[in-house]
**Q** 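Sharing a structure, written as structure tokens. Questions coming.
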Amino acid sequence: MNIIVTDTYEDMSRKAADIIAAHIKENPACVLGLATGSTPIGLYANLVDKCAKGLITFANVTTFNLDEYRGLTADNTQSYRYFMQHHLFDHVDIDICNTHVPDGVALDVDAACAAYEQAIQKAGGIDVQLLGLGHNGHIGFNEPSESFPLATHRVKLTQSTIQANSRLFLSADEVPREAYTMGIGTIMAAKEILVVASGSDKAAIVRDASSGPVTPFVPASVLQFHPRVTLVLDKDAASCLK
Ligand code: GLP
């Protein structure tokens with residue numbers, strides 16, 4: 001793993017945005033895997049800024065988001081589709097038809113998950129997948145469990161994730177109990193992976209994910225088996241690394 005440690009959240013955001021921007025410049029038709037959560041917000045702001053300045057264009061970029069809450073429509077302000085529109089898609093020159101977020105209200109769950117996988121394949125696979133880290137080591141919404149789920153699937157959220165994500169809802173009762181997520185296999189098939197983490201509350205999971213035992217009980221630990229992973233951390237998130 002390539003580990004980059006920055007002083008501040010802002011530096012982490014700039015560095016990670018530079019890495020994504022370099023991919024877009026090298027291959028303007030690249031396929032990006034995108035993530036939600038508080039951590040990538042600064043990164044997205046930097047990409048919006050670069051696009052406004054004409055340094056990059058999303059005109060030919062295709063995106064696939066990691067996950068979506070089950071039961072939330074695209075226009076629900078808590079949905080990940082809404083998050084992506086608000087933080088990135090509405091502010092860059094991307095063709096909205098080239099943006100993909102799992103459908104939170106799909107009626108046929110199995111068909112929707114299979115179609116998501118097929119769409120990724122049809123696009124030629126993901127060139128660079130952005131990831132945040134859950135406090136319990138989840139990536140996307142792949143929660144700790146006894147095995148690594150391979151493909152896009154429906155998942156029950158753990159109590160700790162419901163609690164952690166409740167800060168963005170009126171109360172924990174409002175947090176959906178289920179979600180759709182790319183599988184660990186989908187994520188590991190990306191040609192390159194970029195992980196961002198910030199803050200001392202992520203320090204222990206950053207350590208466990210990057211140098212602890214590889215186990216599905218810490219889903220992010222599987223990234224140790226990927227040949228091209230870069231972690232961009234602020235110094236607080238890196239504080240438990242040797
Ligand atoms: C959510 C998302 C994850 C994200 C995680 C961390 O649960 N499903 O994809 O990585 O939160 O979020 P944050 O960056 O807010 O800590």
Side-chain angles (χ1 to χ4, degrees), residues 6 8-10 12-13 15-17 20 32-46 63-72 76-84 86-88 100-104 116 126 128-145 149 152-169 172 174-184 186-188 190 193-210 218-223 229-234 236-238:
T6 66
T8 64
Y9 172 79
E10 288 70 27
M12 179 208 79
S13 302
K15 183 69 205 167
I20 303 253
L32 301 177
L34 298 178
T36 55
S38 320
T39 317
I41 289 177
L43 182 169
Y44 291 143
N46 274 275
T63 67
F64 288 92
N65 263 77
L66 282 166
D67 48 10
E68 178 61 285
Y69 287 115
R70 179 156 187 255
L72 300 191
N76 186 306
T77 56
Q78 304 292 356
S79 74
Y80 285 168
R81 164 54 79 173
Y82 187 94
F83 175 101
M84 291 310 302
H86 181 72
H87 289 290
L88 185 67
H100 306 83
V101 181
D103 178 3
Y116 204 68
I126 291 169
V128 55
Q129 175 67 56
L130 175 65
L131 297 175
L133 286 182
H135 291 97
N136 61 4
H138 75 220
I139 45 178
F141 269 133
N142 291 281
E143 297 281 30
S145 73
T152 300
H153 62 291
R154 179 169 76 175
V155 68
K156 280 194 194 325
L157 301 182
T158 62
Q159 207 46 47
S160 71
T161 296
I162 291 168
Q163 212 51 50
N165 291 6
S166 67
R167 70 188 193 282
L168 304 169
F169 289 79
E174 308 259 315
V175 184
R177 268 37 191 174
E178 293 185 342
Y180 293 100
T181 181
M182 284 183 192
I184 294 291
T186 327
I187 293 169
M188 290 294 279
I193 294 180
L194 174 64
V195 184
V196 285
S198 159
S200 52
D201 56 316
K202 294 286 173 75
I205 196 61
V206 163
R207 176 201 58 209
D208 294 350
S210 60
V218 181
S221 64
V222 76
L223 299 174
V229 178
T230 300
L231 260 61
V232 186
L233 312 169
D234 69 10
D236 291 339

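Atoms within each ligand, like the ligands themselves, are counted from 1 in listed order.
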**Q** Applying ring-ring contact (aromatic ring centres under 6.0 Å, His included) to Tyr69 and Phe169, what does each step give before you reach the verdict?
**A** CA-CA 13 Å; Tyr69 287 115; Phe169 289 79; 5.6 Å; yes
**Q** Taking Gly199's backbone N and O only, do any of them form a donor-acceptor pair with Asp234's side chain (distance below 3.5 Å, no angle check)?
**A** yes
**Q** Listing by chain and number, which residues have a heavy atom under 4.0 Å from ligand 1?
**A** Thr36, Gly37, Ser38, Thr39, Asp67, Tyr80, Gly132, Leu133, His138, Gly140, Phe141, Asn165, Arg167, Lys202
**Q** Would you say that Ile205 contacts Val218 through its side chain, given a criterion of any heavy-atom pair below 4.5 Å between the two side chains?
**A** yes
**Q** I'd like to check Leu157 versus Phe141 (side-chain heavy atoms, cut-off strictly below 4.5 Å). Are they in contact?
**A** yes
**Q** Any chance the side chains of Thr161 and Glu143 put a donor and an acceptor closer than 3.5 Å?
**A** yes
**Q** Compute whether any side-chain donor of one residue and acceptor of the other, for His135 and Asp201, lie under 3.5 angstrom apart.
**A** yes
